[in-house]
Amino acid sequence: MPLPGGAAAYHPDLAGAVREEEAGEAVPRWVVADAARDYPALLEAGARLDRVRDLRLAERILSRVEAHEPPAYVVASDPDAGTLFEREPDPVDGPAELTRLQAAWLDQRRRTAHAAIPGLGALLAAESAGALVAAEMGRTGVPFDREVHDRLLRDLLGPRPSKGMRPRRLQGLADQVAEAFGHQLNPDSTKQVLAAFHAAGVEVKTTHAWELHSVDHPAVEALKVYREHARVWSAFGWNWADAWVHDAVDRGTGRTAGRFRPVYIVGGADTGRWGTDGGGALQLPHSVREAIRADPGWKLVAADAAQLEPRLLAAISGDRAMIAATAADDLYTELAPSLGGERGKAKIALISAMYGGTAGDARQLVQLMRDRFPAAFEKVESAARTGEKGGLVRTWLGRTVPAPSERWWRALSSEEGTKSSASRGRFTRNFIVQGTAAEWALVLLALLRRDLYERGLGELVFFLHDEVMVHCPAEHAGEVSAAIERAAEEATRTLFGTMPVRIPLRPKVVDSYAEAK
DNA sequence: CGGGTGGGCGCG
DNA sequence: AAAGCGCGCCCACCCG
């Protein structure tokens, strides 16, 4: 499917044709050049796509899969190479764009087969489904109550100030910081704050909260509160709402309702996690979440996967003892007897193993991991070792790390080499876990999206790494909760078959996002 | 003056 | 300077 604008040249009503095909007996899998670019216009015209292959997203995944070997298309002995266009379906009398899309799609299909990675087809399908979800959620938006948001801001900051001024209470905090130092200064200026601490005889290297934590000076507390409030004001305050919250006309009632409409970037992170382009949807502070509210008569069903990454580490490593522990709702509590005795220690042991932490208790707790869960430990260790040497690692379904840069290889033989090598090792160590978690979530989204649509239960409105949120009529909330739990189960089976790993998604029916978690 | 970078901190 | 992963966003600051 080429871009809607250009498509009009040879199809006067693309959206209409799409609607017709989608309603037909055999639902197609559309080949799209770039759903993020092309799908919103179709949605606007009322044409929903059920299944697609997104060539742009697939290309990125494939090119990284292939980074370790010569590209398939220059391998002369490849029997497919010469037959590419012979296998092409009916010739198309369309713009060159269509021919190019078709060739690109066939090429990707051949390369996918050539890569011989069992999960790769599923990954490409899931990534493409993600593109649909992202566009649909971006269009739908998160239900958002501007009045509640305004009240939260006023309580925290004081009334909305005129342009160029700090809110009253924020200015009060700035004054407190200045008073504590005994002179005027801009608390937003690291340079000035650092100089002020030095003048007061406090020899800190940075003004990070964690470094100031152990500093005994009256400015510390005021500065901490100032920064918290300043962040809400600048990144999630009135100006943010003006830019990102729109009014939507409520179905039925005709009332207008606020909708926060971020722009999601599918696969924005190397690990396959999503990013956002403006709007800060993935960093919404807890302090403003109360403003995310269901419409009257509707509910939000918010669900998050507890300890997603360690559960996936258990699965991808095949560590039998750890897989058995995933039967528990709280993995950390379950593993505490084996990992340091307390829940908190078990958590540090697992997180440090996945992140490559060595400080404090971590080193010792990671040793416990090695002793008690050797297969899980070896999985992340070997990923780290591979990365340190410049090797490539993959997620369960085959998403591959970007190859190290030329600069990285050059640095390897220099003074800096040890540091960059260790850093790369921590990245690849974490990549296999975070990346597999991202693809589990993608599969979940794809399954849930279809189920919600087919049964008309509600709409996906938010996704955040290991959380999903559905907005639905109150009477559907129970069914939506069940659908979410089922989708999680099905996603787990899709990735891991009969392996007895458990990855529960816990739905909670709420009126406001602040009540979730 | 406008773009690029680093500090700092929000989220998972 | 997190001891340890992945991001985005804002501000101050620097440089051309």
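First the proteins, then the strands, lettered A, B, ... as listed; each starts at 1. Scope of the values below: all heavy atoms of this structure, side chains included, with no hydrogens, waters or symmetry mates.
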Undergrad: When the C1' atoms of B/dT5 and C/dA3 are considered, how many whole Å apart are they?
TA: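 To the nearest whole Å, 25 Å.
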Undergrad: Would you say the ring centroid of A/F181 lies under 6.0 angstrom from that of A/H217?
TA: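 Judged by ring-centre distance (under 6.0 Å), A/F181 and A/H217 do meet the cut-off.
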Undergrad: Quick one: A/L312 CG to B/dG12 C1', roughly how many Å, whole number?
TA: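 Whole-Å distance recorded here is 14 Å.
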Undergrad: If you check the A/R231 side chain, which of C/dA3, C/dA12, C/dC9 turns out closest?
TA: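 The listed nucleotide nearest to A/R231's side chain is C/dC9.
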Undergrad: State whether a side-chain donor-acceptor pair under 3.5 Å links A/T333 with A/D330.
TA: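 There is such a pair between these side chains.
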Undergrad: Counting any heavy atom closer than 4.0 Å, what does A/R426 reach on the DNA or RNA strands: base, sugar-phosphate only, or nothing?
TA: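 Counting heavy atoms under 4.0 Å across all strands, the contact made by A/R426 is with sugar-phosphate only.
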Undergrad: So what does A/E467 touch, heavy atoms closer than 4.0 Å: a base, only the sugar-phosphate, or nothing?
TA: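 Contact class for A/E467: sugar-phosphate only.
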Undergrad: Out of B/dC9, C/dC13, C/dG6, which has the shortest distance to the side chain of A/R227?
TA: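 Within the option list, the nearest is B/dC9.
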Undergrad: May I ask you to evaluate whether A/S189 reaches the phosphate of C/dC11, defined as a side-chain N or O under 4.0 Å from OP1 or OP2?
TA: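 Answer no for this pair, as no side-chain N or O of A/S189 is under 4.0 Å from OP1 or OP2.
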Undergrad: Given atom NE2 of A/H208 and atom P of C/dA3, what is their separation to the nearest angstrom?
TA: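 Those two atoms, NE2 and P, are 11 Å apart.
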Undergrad: For A/G360 and A/R273, find the nucleotide of DNA chain C closest to each by heavy atoms; which residue's nucleotide sits nearer the 5' end?
TA: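 Final value for this comparison: A/G360.
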Undergrad: Students often get this wrong, so: under 4.0 angstrom with heavy atoms, is A/A269 touching a base, only sugar-phosphate, or nothing?
TA: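 Sugar-phosphate, no base atom in range.
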Undergrad: Could you check whether A/E127 pairs with A/R399 (Lys NZ or Arg NE/NH1/NH2 to Asp/Glu carboxylate O, under 4.0 Å)?
TA: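 A/R399 and A/E127: salt-bridged.
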Undergrad: How would you label the contact of A/A209 with the nucleic acid (heavy atoms, under 4.0 Å): base, sugar-phosphate, or nothing?
TA: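 Sugar-phosphate contact only.
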Undergrad: Can you tell me which nucleotide in B/dG12, C/dC14, B/dG10 comes closest to the side chain of A/K191?
TA: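 It is C/dC14.
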Undergrad: Rounding to an integer number of Å, can you tell me how far A/R399 CZ sits from C/dG6 C1'?
TA: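 Between C1' of C/dG6 and CZ of A/R399: 13 Å.
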Undergrad: At under 4.0 Å between heavy atoms, what does A/D277 touch on the DNA or RNA strands: base, sugar-phosphate, or nothing?
TA: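 Answer is sugar-phosphate: A/D277 comes under 4.0 Å of backbone atoms only.
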Undergrad: When all nucleic acid strands are considered with a 4.0 Å heavy-atom cut-off, which category describes A/G268: base, sugar-phosphate, or nothing?
TA: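 Nothing: the residue A/G268, judged by heavy atoms under 4.0 Å, touches no strand.
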Undergrad: What's A/F427 touching, base or sugar-phosphate or nothing? Going by heavy atoms closer than 4.0 Å.
TA: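 Sugar-phosphate: the residue A/F427, judged by heavy atoms under 4.0 Å, touches backbone atoms but no base.
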Undergrad: Closest to the A/D188 side chain: B/dC11, C/dA12, C/dG6?
TA: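 Between B/dC11, C/dA12, C/dG6, the one nearest the side chain of A/D188 would be C/dA12.
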Undergrad: Return the nearest nucleotide to the side chain of A/A235; candidates are C/dA12, C/dG6, C/dC10.
TA: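 Comparing C/dA12, C/dG6, C/dC10 against the side chain of A/A235, the answer is C/dC10.
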Undergrad: Is any side-chain N or O of A/R429 under 3.5 Å from a base N or O of C/dG4, one able to act as donor and the other as acceptor?
TA: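 Check fails, no donor-acceptor contact within cut-off.
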Undergrad: Could you tell me whether A/G356 contacts a base, only the sugar-phosphate backbone, or nothing, with contacts defined as non-hydrogen atoms closer than 4.0 Å?
TA: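 Sugar-phosphate, no base atom in range.
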Undergrad: To the nearest angstrom, how far is A/L284 atom CG from C/dC9 atom C1'?
TA: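 Atom CG in A/L284 sits about 12 Å away from atom C1' in C/dC9.
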Undergrad: Would A/D188 and A/R166 pass as an ion pair if we require N to O under 4.0 Å?
TA: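 Yes, this pair counts.
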Undergrad: Reckon A/N430 has a side-chain N or O less than 4.0 Å from the OP1 or OP2 of C/dG4?
TA: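 No, no such contact exists.
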Undergrad: For A/S423 and A/I265, find the nucleotide of DNA chain C closest to each by heavy atoms; which residue's nucleotide sits nearer the 5' end?
TA: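 Residue closer to the 5' terminus by nearest nucleotide: A/S423.
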Undergrad: Nearest-Å distance, CG (A/D466) to P (C/dC7)?
TA: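 Interatomic distance, CG of A/D466 to P of C/dC7: 16 Å.
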Undergrad: Using a strict threshold of under 4.0 Å (side-chain N to carboxylate O), is an ion pair present between A/R502 and A/E489?
TA: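 No, this pair does not count.
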Undergrad: Just to be sure I understand the rule, does A/R424 reach a base, reach only the sugar-phosphate, or reach nothing, if contact means heavy atoms closer than 4.0 Å?
TA: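 Contact class for A/R424: none.
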Undergrad: Under 4.0 Å between a side-chain N/O of A/H286 and OP1 or OP2 of B/dG12, yes or no?
TA: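 Yes, within the criterion.
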Undergrad: Please measure how far the C1' atom in B/dG4 lies from the corresponding atom in C/dG4, and state the result in whole Å.
TA: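 Each nucleotide's C1' atom is 28 Å from the other's.
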Undergrad: Determine if A/W210 stacks with C/dA2; use a centre-to-centre distance below 5.5 Å and an interplanar angle below 30° as the criteria.
TA: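 The base of C/dA2 is stacked with A/W210 (centres under 5.5 Å, planes under 30°).
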Undergrad: Does a side-chain N-to-carboxylate-O contact under 4.0 Å join A/E378 and A/R385?
TA: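 Judged by the 4.0 Å cut-off on N to carboxylate O distance, A/E378 and A/R385 do form a salt bridge.
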Undergrad: Distance check: side-chain N/O of A/T276 vs OP1/OP2 of C/dC7, anything under 4.0 Å?
TA: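 The answer is no; no side-chain N or O of A/T276 sits under 4.0 Å from OP1 or OP2.
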Undergrad: Using whole Å, what does the distance between atom C1' of nucleotide C/dC5 and atom NE2 of A/H465 come to?
TA: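 In whole Å, C/dC5 C1' lies 12 Å from A/H465 NE2.
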Undergrad: If we count only N and O atoms by modelled type, under 3.5 Å, do the side chains of A/D175 and A/Q171 hold a donor and an acceptor together?
TA: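 The answer is yes; a qualifying pair exists.
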Undergrad: Roughly, in whole Å, what's the span from CD in A/E203 to P in C/dA1?
TA: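 From A/E203 CD to C/dA1 P: 15 Å.
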Undergrad: Going by an N to O cut-off under 4.0 Å, is there a salt bridge joining A/D242 and A/R146?
TA: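 Result for this pair is yes, salt bridge flagged.
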Undergrad: Whether A/D304 and A/R506 form a salt bridge (side-chain N of Lys/Arg under 4.0 Å from carboxylate O of Asp/Glu) is what I want to check.
TA: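 Answer for the salt bridge query: yes.
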Undergrad: Identify whether any heavy atom of A/E211 sits under 4.0 Å from a base atom; if not, whether one sits that close to sugar-phosphate; answer base, sugar-phosphate or nothing.
TA: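 The residue A/E211 makes no contact with any strand.
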Undergrad: What integer distance in Å separates A/R166:CZ from C/dA12:C1'?
TA: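 Roughly 12 Å, once rounded to whole Å.
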Undergrad: Looking only at atom C1', what distance separates C/dA2 and C/dG6, rounded to whole Å?
TA: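 That atom pair is separated by 16 Å.
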Undergrad: How would you label the contact of A/D361 with the nucleic acid (heavy atoms, under 4.0 Å): base, sugar-phosphate, or nothing?
TA: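 A/D361: no heavy atom of the nucleic acid under 4.0 Å.
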Undergrad: Got a minute to check which stems DNA chain C is part of, using Watson-Crick or G-U wobble pairs under 3.5 Å, three or more consecutive?
TA: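 If one scans DNA chain C for consecutive Watson-Crick or G-U pairs, the stems found are B:1-12 with C:5-16.
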Undergrad: With rounding to the nearest 0.5 Å, note down the distance linking CZ in A/R311 to CG in A/L350.
TA: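 Reported to 0.5 Å precision, the distance equals 11.0 Å.
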